[in-house]
2 protein chains.
Amino acid sequence: MNRKLTTCFIATLMFFGVSMKAENKKLRPVDYVNPFIGTTNFGTTNPGAVMPNGLMSVVPFNVMGSNDNKYDKDARWWSTPYEYHNVFFTGFSHVNLSGVGCPDVGSLLLMPTTGELNVDYKQYGSTYKNEVAHPGYYSNTLTKYGIKTEVTADKRSSIARFTFPQGESHILLNLGEGLTNESGAFIRRISDNEFEGMKVLGTFCYNPQAVFPIYFYMKVNKQPKRSGYWKKQRLMSGVEAEWDKDNGKYKLYTEYKREIAGDDIGVFIDFDTQQNEEVEVLMGVSFVSMENARLNAEKELAQTTFDSLRLRAEEAWNNDLSKILVEGGSEDQKTVFYTALYHTLIHPNILQDVNGQYPTLERGDIAAVSNGDRYTVFSLWDTYRNVHQLLTLVYPVRQQHMLQSMLAMYDEHGWLPKWELYGRETYTMEGDPSIPVIVDSWLKGLRGFDINKAYEAMRKGATTPGPQNKLRPDNDDYMKLGYVPLREQYDNSVSHALEYYIADNALSRLAKALGKDSDAKLFYNRSLGYKHYYSKEYGTFRPILPSGKFYSPFNPLQGENFEPNPGFHEGNAWNYTFYVPHDIKGLTQLMGGSKAFVDKLQMVFDKGYYDPANEPDIAYPHLFSYFKGEEWRTQKEIKRLLNTYFKNAPDGIPGNDDTGTMSAWAVFNMIGFYPDCPGEPAYTLTTPVFDKVTIKLSKEQWGTDQLVITSKRSDKEAYRINNITVGGKQYKSYRISHKDLINARNIHFDVK
Amino acid sequence: MNRKLTTCFIATLMFFGVSMKAENKKLRPVDYVNPFIGTTNFGTTNPGAVMPNGLMSVVPFNVMGSNDNKYDKDARWWSTPYEYHNVFFTGFSHVNLSGVGCPDVGSLLLMPTTGELNVDYKQYGSTYKNEVAHPGYYSNTLTKYGIKTEVTADKRSSIARFTFPQGESHILLNLGEGLTNESGAFIRRISDNEFEGMKVLGTFCYNPQAVFPIYFYMKVNKQPKRSGYWKKQRLMSGVEAEWDKDNGKYKLYTEYKREIAGDDIGVFIDFDTQQNEEVEVLMGVSFVSMENARLNAEKELAQTTFDSLRLRAEEAWNNDLSKILVEGGSEDQKTVFYTALYHTLIHPNILQDVNGQYPTLERGDIAAVSNGDRYTVFSLWDTYRNVHQLLTLVYPVRQQHMLQSMLAMYDEHGWLPKWELYGRETYTMEGDPSIPVIVDSWLKGLRGFDINKAYEAMRKGATTPGPQNKLRPDNDDYMKLGYVPLREQYDNSVSHALEYYIADNALSRLAKALGKDSDAKLFYNRSLGYKHYYSKEYGTFRPILPSGKFYSPFNPLQGENFEPNPGFHEGNAWNYTFYVPHDIKGLTQLMGGSKAFVDKLQMVFDKGYYDPANEPDIAYPHLFSYFKGEEWRTQKEIKRLLNTYFKNAPDGIPGNDDTGTMSAWAVFNMIGFYPDCPGEPAYTLTTPVFDKVTIKLSKEQWGTDQLVITSKRSDKEAYRINNITVGGKQYKSYRISHKDLINARNIHFDVK
């Protein structure tokens, strides 16, 4: 998708060889994806080339090296390799995170240049134009050099194609810089045009011990004139500084042919190129070893050209995106929808190499999967809400493999994952978010994983005392008191407890289903502990001191815009007060009945307390539908939120996409239902955006091959559901079980 | 040898288990070695553990980290890991240079500590006491920790034994620091107590491209409580700095178990130790690969204990040192002698691993020797004068292997070596110093190398035009003009040319011996070109400008104490004016006859222009012996120089030992002859220090198994040779051919 967006949308498609005329040929789902959506406004997505759930991604890196950039990775909190409004390109980063809020990975920066060799990114970086992105493909033209760049990716490998002008040309691989705050790399020269190595990554969300290596293999398809290394030299003083002409500078190693290591090193490769000469760079990556990185590249890229790989990636995306076909709605709505679906299929991504090997969680050794995929990048506090529900419904085999991966992590580390990243547990955010993911899948009927082991693992997290508990560090308080008191000024204690309630409620549902009645009762009772936090005085949750008294002075609005806030993590009390999806009935009673609840919830929207980009409140709109006659409020707010925050524009995601969580919110709400209570196999029905939605289901998994959702609206702006039929029969509720949904075959909304 | 030197010499020997009584048991040659000689006064030798010509050396590193040190490696020009007067020990460096004038290697710093873990060498370093050194063994006690350290070495591996107090103990391996100015290292954890890795070394004499890797394998013989890495973090600013608690500090990687890389990294290993618990660290090194480093350690240290290895090293040294047995002379003279002989057997050292593999010169690939040793560390501008002559005579197989190594370097790099260091040509100093080494050996009858290839290689250096000539960059001028004019203010042009004359004279001798008469004439005539430089006005050599005129203003004394000096390298005109060993006759004519020559040479000594530590003039004393009746001056000056500059004391070498060159000067002069004209198979006879010297010769090589040199002096202070018999026959000359020397069986000096 061209970054000039829809205006040159068709031109772009034609330019890049999609041989169709828009007016008489139907666009495919993949053609609707605009990878620039979410690339500003802190959406932290990127327009790079990636396969569905692929390990490799190749992203234009434009967040360092120039004051002309609007945002600089080192000048502020920053978590993405690409920003739409930045202008200074310093290479393609290989392996990146999409939609996260902390910096990591985004390294192995590959850059083509011309003229005199310069290895200082502040100097070799370039502005660019003609930016084009499409699933599995990205291109721009570097204005400083007149080089056209193109990249495409397979699952663990990639090809970059650089079209050079005539003259002296260079390809640089910079291992000194990247989005990660870790440093240190190693390179081994295999030949003039082949290199392998590793780089240290990690410290995601500033966890100093969450460190991991990436390994790479790189091959250039043209014999160079010369190749070598560079390394930024340590600053010396005195006599040494006088004698060492490279002191403090980037030193070129022109004659050294063995391995190099250091904080800030790179490879340069020099060529003489003809006008419009294309040079391709093959890259393979692995988190196991340099050998595997090479193996990945060799296996995946055998008999592959740049164009055939690009086509392969595009077809893979089109296959996945075609699982949900939408008709009706505007072109922009289709673009928003398919781009959101695209964003939900980036993470978790596969971790294992072509030979099945992967690094175990926290144990540091190497294991291998015999079948299926080993997944990584589990941002579970985000994704337990909707991403895994979407995968369960539409991509159940992938969800099965993710569950298997989570249980393997338990085997390896002794604990289910919280925020797993390339073999390290980063312990980012709070709660016990594996539980709703596992329970939700199981109760919906997904199998293929060891539920007894899963139960043991979940119960361990729920019942191990605090000091030994890696998932629930405050479990002593929680188990004894039923809540977590505020023990430090900014300890997020209420946020912690609210997550435990949700997890325990889900666990109680599973315990009941497995016939573990006393556990079911235990965890159910625990899940109601949220009531401790309810302050009648403020009508919100409020931190509790170790004394048992509420925290004072209290301001329920404190915590906006990431302001530190006692008891609450990245939000204010309003963003958390309705955050009891498993007991809306109980919360309603606490608040004084249905009317009081609905009025207060409406007030949250009306006064702008609702944060569309913070997970604890993103299911608030659906809560109206628990109250008969109030469902229109859900439908109205969802329409408003979709229209306001989800746009075919670079700022078309309201904030961090959170590895697809914002996007999954849009996907579900645009097709007419949303899983607002993780762990409960049910959805709230709401107004679809499209006239017709065809969800292709796995017959093997769900016993049925599709679900068609149709809508008929009285006029274009209509949003209120007037009537619902499910399987041709009138449906009175706005809540539908997963079982009923998959068996419906047809759901029809009459919208006024 | 205890650093308190001879006063506790016997006590030390007994303390360390040499079970003898000095009064009734003869000390072995190895017992006389005092490794502290040359460890101050810029001798740049060290007291570390090393095998004869071994690759591995383990040296107490005390030249950084404390203001209490007298000399700091980063505060001034510095070239040795150890200084006698320094006090702050920061670990043992593995693989070191002995007696050089530029910094390199001296890395892999191994340090034991106790108490709370601290990885900052400025803080973990310690003062020390009870320092003991003996060939193949070194020990001290770290006063800060109460740890006794001991190290011993095999050829490519070593064992350190640390005796800890009770409590929390640590072993640190620091790869961030070292004597080298290069940085960057890589470590792979094999298990809790085994690590392997590499470090980048090089830039010897600030040659930025002379870079090479060292590989290591390390194993601790006690299961640790914990082990991990550290890395000095890059300094960040702004938000990143606020969030990263390790910013700019040494960060501990306690949970990371994969490879690490960076500029300043290390390994820590934690133990609980009992009182007096010994922990041993096995190290292997290689310049080929980590695998080979491990293989070297495993092969060499199999079935080896610390004590057995120490004994093995001691025996190896005693075997080598016993090739020359001296009797008579004082204990100090024996100590000076055997320590000097010890210092001549450190470099060149072997390079190949136990499987024969080694890195080729400059080509960057790996080759293997099928038999013999591959040598490295060829400081040829120094050693061509006397070290190789000593090796040829007493250790001919080693010299053969060195010649084979030099020819292999020619095959690999296309040029004979100049100053080769671990596979890199550093191009340090000037001239074409392989030529006198090769010619000298061949004309003395050493065989076992391809003389035709050697001739081709030498002729290439002598005849290739300047721009393409890696050994003689100014060969165009030299070949055209017969001298090298001063083209830059400090270009050392005279020094360059003087070396070419010496090399060409040697080459002409070989050409003649090989029947290449026209070459012989060509190179002989070239070798007389020194006459261009003779200034009648000053009576010295003097730089010549490109115009053909002498350089003005001219001060023959400029250049003392490393002051930059037009035309002359590290010396003044007087240090070079008699530097024509191959044509003393011609030089005498230039100077106006024998008396003028002798008077002027005597003036150089009398006025203190002679520099006992600068190679170009170190054969000056022997020149007197070219003049009948003046030989006593040689004998007198040699006695004075030996007594003044070669002492059983840390400052007992007059300056840089230059990989044994100063020491070889002492060795020869102490036993009665000196090879003052490299390339001419002859020696000047002078007064031996000892009453009896027995040189064990290789019967296979020389056809005779020993040479006994006896002296009878009228009184203790007598130095003038009154009479000489060679093979029992009176000998009238003070010059003896190599052939006559080895066939003599006995040489007797009557000294008055």
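Per chain, numbering begins at 1; letters A, B, ... match sequence-line order.
- Residues of residues 71-78 of chain A placed with any heavy atom under 4.5 Å of a heavy atom in chain B are listed by number as Lys73(A), Asp74(A), Arg76(A), Trp77(A).
- Between chain B and the residues Glu242(A), Arg424(A), Lys245(A), the largest count of heavy-atom pairs under 4.5 Å involves Arg424(A).
- Side chains of Asp104(B) and Thr180(B): a donor-acceptor N/O pair is present below 3.5 angstrom, by distance only.
- In terms of heavy-atom pairs under 4.5 Å with chain A, the best-connected choice from Pro103(B), Pro208(B), Ala261(B) is Ala261(B).
- When each of Leu175(B), Val267(B), Ile187(B) is tested with Ile260(B) by the rule side-chain contact (heavy atoms from CB on, under 4.5 Å), just one qualifies, namely Ile187(B).
- Salt-bridge formation is not detected for the pair Asp270(A)/Lys225(A): no Lys NZ or Arg NE/NH1/NH2 atom is positioned less than 4.0 Å from an Asp or Glu carboxylate oxygen.
- With sequence neighbours excluded, the residues forming a ring pair (Phe, Tyr, Trp, His ring centres under 6.0 Å) with Tyr422(A) are Phe212(A), Phe287(A), listed by chain and number.
- Side-chain atoms of Tyr229(A) and Arg258(A) form no donor-acceptor pair, as typed in the model, at a separation below 3.5 Å.
- The candidate from Arg234(A), Glu362(A), Arg363(A) with the greatest count of non-hydrogen atom pairs under 4.5 Å with chain B is Arg234(A).
- Between the side chains of Glu291(A) and Tyr215(A), not a single donor N or O lies within less than 3.5 Å of an accepting N or O.
- Within a 6.0 Å sphere centred on CG of Asn67(B), heavy atoms belonging to other residues, nucleotides or ligands number 12 at most.
- For Tyr253(A), there are no ring pair (Phe, Tyr, Trp, His ring centres under 6.0 Å) partners two or more places apart in sequence or in a different chain.
- Remark: the Glu83(A) side chain and the Asn69(A) side chain contain no N/O donor-acceptor pair separated by less than 3.5 Å.
- Summarising the local packing, CD of Glu488(A) is surrounded by 12 or fewer heavy atoms from other residues, nucleotides or ligands at distances under 6.0 Å.
- Comparing Ile265(A), Asp263(A), Asp264(A) by how many heavy-atom pairs each has under 4.5 Å with chain B, the most go to Asp263(A).
- At a cut-off of 3.5 Å, with distance as the only test, no side-chain donor of Glu177(A) or Thr90(A) sits close to an acceptor on the other residue.
- Using a 3.5 Å distance cut-off with no hydrogens or angles, the side chains of Thr203(A) and Asn181(A) do not pair a donor with an acceptor.
- Put simply, of Glu182(B), Gln233(B), Lys257(B), the one with the most heavy-atom pairs under 4.5 Å next to chain A is Glu182(B).
- Taking the centre and axis of the six-membered ring of Tyr250(A), the NZ or CZ atom of Lys232(A) falls inside the cone set by 45° and 6.0 Å.
- Heavy-atom pairs under 4.5 Å with chain A were tallied for Gly364(B), Pro359(B), Gly184(B), Gly262(B); the largest tally goes to Gly262(B).
- Of the listed residues (Asn207(A), Asp244(A), Asp246(A)), the one with the most heavy-atom contacts under 4.5 Å to chain B is Asp244(A).
- There is no contact between Arg189(B) and chain A, counting heavy-atom distances below 4.5 Å.
- Applying a 4.5 Å heavy-atom cutoff, the residues of residues 193-200 of chain A that approach chain B are Met198(A), Val200(A).
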